[in-house]
Amino acid sequence: MPRRLIYAANWKMNHGPTAARAFTERFLALTSPAADRELWLFPPAVSLTMVADAVCGRPDIRVGAQNVHWEPKGAFTGELAVPMVTETGARAVLAGHSERRHLFGETDEQVGRKAAAALKAQITPLVCVGETLAERDGGRTEQVVVRQVDAVLERVPAEDWARVVMAYEPVWAIGTGKTATPDDAAQVHSLIRFELSRNGVTGRVPILYGGSVNKGNVLSLLAREELDGVLVGGASLDADDWAELVGLGG
Ligand code: PEP
């Protein structure tokens, strides 16, 4: 099977509807569909409808939410339900981004529930895992990543993993300018694959790498066949830069 890379842009708390429209119009003008890549955009919730509407003629572009609640509705002030996300035209959701885990106290169990809720609504969870610097320095990378993967395995049966995408994002590399080496990233990707197969997941679950990816390092990372794409924050915010980056790796 020819390699099909995923380039996912996490805008974090940037680009409200006006900026999101300007980005999307420019990005659409600068890119065209290519058989060897998918382009995923994760705008803030308030911009989902605008972006999803704008890209609806581009089957190579998928839009997703940055976070959801696992319940379909109810008294959860400030939260976003999966059915609300699908109503905007979005077809993916980030689950367990490290900023959600570490700044907002999201637990492994909640990440598993969010992934399961996305699958139930027929959209793709992009499940993020990764260790902190202290955990890496303490030799606990493997233990932490396996624990995070296992929490999702508890809620998502093996046969549903054909519809899951994962991202390995070492916390110490996110927004810091420090990137895992291609070898380090590949090693953790292989560990994740081993843990999935040990638990009955057959088939290749795509695993993206994220953490200070930019135009200067994306090629050396994607040179490793263990990586199925990249999840990018800071370097995805400018439409011209992002279009250039996604044009590099094919
Ligand atoms: C992210 O937000 O998932 C991310 C990887 O951010 P950055 O590329 O800025 O490190």
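Start at 1 and go down the list; that is how both ligands and their atoms are numbered.
Distances shorter than 4.0 angstrom do not occur between any heavy atom of A167 and any atom of ligand 1. Between A235 and ligand 1 there is no heavy-atom distance shorter than 4.0 Å.
Checking E195 against N199 by side-chain atom types alone, a donor-acceptor pair falls below 3.5 Å. Side chain to side chain, N217 and S220 fail the donor-acceptor criterion of an N or O pair below 3.5 Å. Residues E38 and W40 bring a donor and an acceptor atom of their side chains to less than 3.5 Å of each other. Judged by distance alone, the side chains of Y168 and E131 do bring a donor and an acceptor atom under 3.5 Å apart. Side chains of R58 and T31: a donor on one and an acceptor on the other come within 3.5 Å.
Near G175, meaning under 4.0 Å from one of its heavy atoms, ligand 1 places the atoms 7 (P), 9 (O), 10 (O). Short contacts between ligand 1 and G234, defined as distances under 4.0 Å to a heavy atom of the residue, involve ligand atoms 7 (P), 8 (O), 9 (O). Proximity to A173 (heavy-atom distance under 4.0 Å) selects the following atoms of ligand 1: 10 (O). Counting atoms of ligand 1 from 1 in the listed order, those under 4.0 Å from a heavy atom of V232 are 8 (O). Ligand 1 places these atoms under 4.0 Å from at least one heavy atom of G211: 5 (C), 10 (O).
At a 3.5 angstrom cut-off on N or O pairs, L231 does not count as close to ligand 1. Between T176 and ligand 1, not a single N/O pair is under 3.5 Å apart.
Counting heavy atoms of neighbouring residues, nucleotides and ligands inside a 6.0 Å radius, atom CD of E159 exceeds 12 of them.
Of the protein's non-hydrogen atoms, K12 NZ, 2.7 Å is the one closest to atom 2 (O) of ligand 1. Protein heavy atom at the shortest distance from atom 8 (O) of ligand 1 is G233 N, 2.8 Å. From the protein, the heavy atom lying nearest to atom 1 (C) of ligand 1 is H97 NE2, 3.2 Å.
For atom 3 (O) of ligand 1, the nearest non-hydrogen atom from the set E169, E99, K178 belongs to E169.
A distance of 11.5 Å separates CG in L231 from CE in M166, rounded to the nearest 0.5 Å.
Ring geometry, H15 versus F23: the interplanar angle falls from 30° to 60°, so the pair is classed tilted.
Contacts with ligand 1 closer than 4.0 Å are made by heavy atoms of both the backbone and the side chain of I174.
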